[in-house]
Amino acid sequence: MLLPKYPDSPTPPPAHVHHTVADQVPARRPVPQISVSTGAVAAVLVGGVVLTALLAAVAVSAISVAVAAVVLRSLLRDQYRR
């Protein structure tokens, strides 16, 4: 039968072995260390409360102006009908 021919001197293994993408481990970037102080948390909470209060005040003011406009319009309409 046919027998394989072997080289006389063995060849050295290749210097670079190609790896597939599945074999590679994804590189992890270092995560920056963030230290949050209680003062910063308190400042954010107070700022949120203040902004929420201002938003509520603007909404209440807008509703009251709208109600006053409707009342004035109805009073002026009744005066012109006379």
Side-chain angles (χ1 to χ4, degrees):
M1 288 302 256
L2 297 173
L3 294 174
K5 290 181 98 182
Y6 295 109
D8 292 337
S9 64
T11 58
H16 176 69
V17 178
H18 180 68
H19 295 287
T20 61
V21 177
D23 293 340
Q24 296 176 355
V25 176
R28 301 188 110 207
R29 293 189 302 169
V31 178
Q33 296 293 326
I34 301 172
S35 68
V36 179
S37 65
T38 55
V41 172
V44 169
L45 288 177
V46 168
V49 168
V50 167
L51 288 176
T52 304
L54 286 174
L55 181 63
V58 168
V60 168
S61 299
I63 291 171
S64 64
V65 167
V67 168
V70 168
V71 169
L72 283 174
R73 188 174 125 190
S74 81
L75 286 175
L76 290 174
R77 188 183 334 161
D78 287 345
Q79 187 179 12
Y80 285 132
R81 285 185 180 174
R82 291 182 184 180

Asks: Report yes if some heavy atom in the side chain of Leu54 is under 4.5 Å from a heavy atom in the side chain of Val50; otherwise report no.
Replies: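 The answer is yes, as the side chains (C-beta and beyond) meet within the 4.5 Å cut-off.
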Asks: Do you reckon Leu45 sits in the same ILVMFWY cluster as Val36, going by side-chain contacts under 4.5 Å, direct or chained?
Replies: yes
Asks: Membership question, hydrophobic clusters at under 4.5 Å side-chain separation (ILVMFWY): are Val44 and Ile34 in the same one?
Replies: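 Hydrophobic grouping puts Ile34 apart from Val44.
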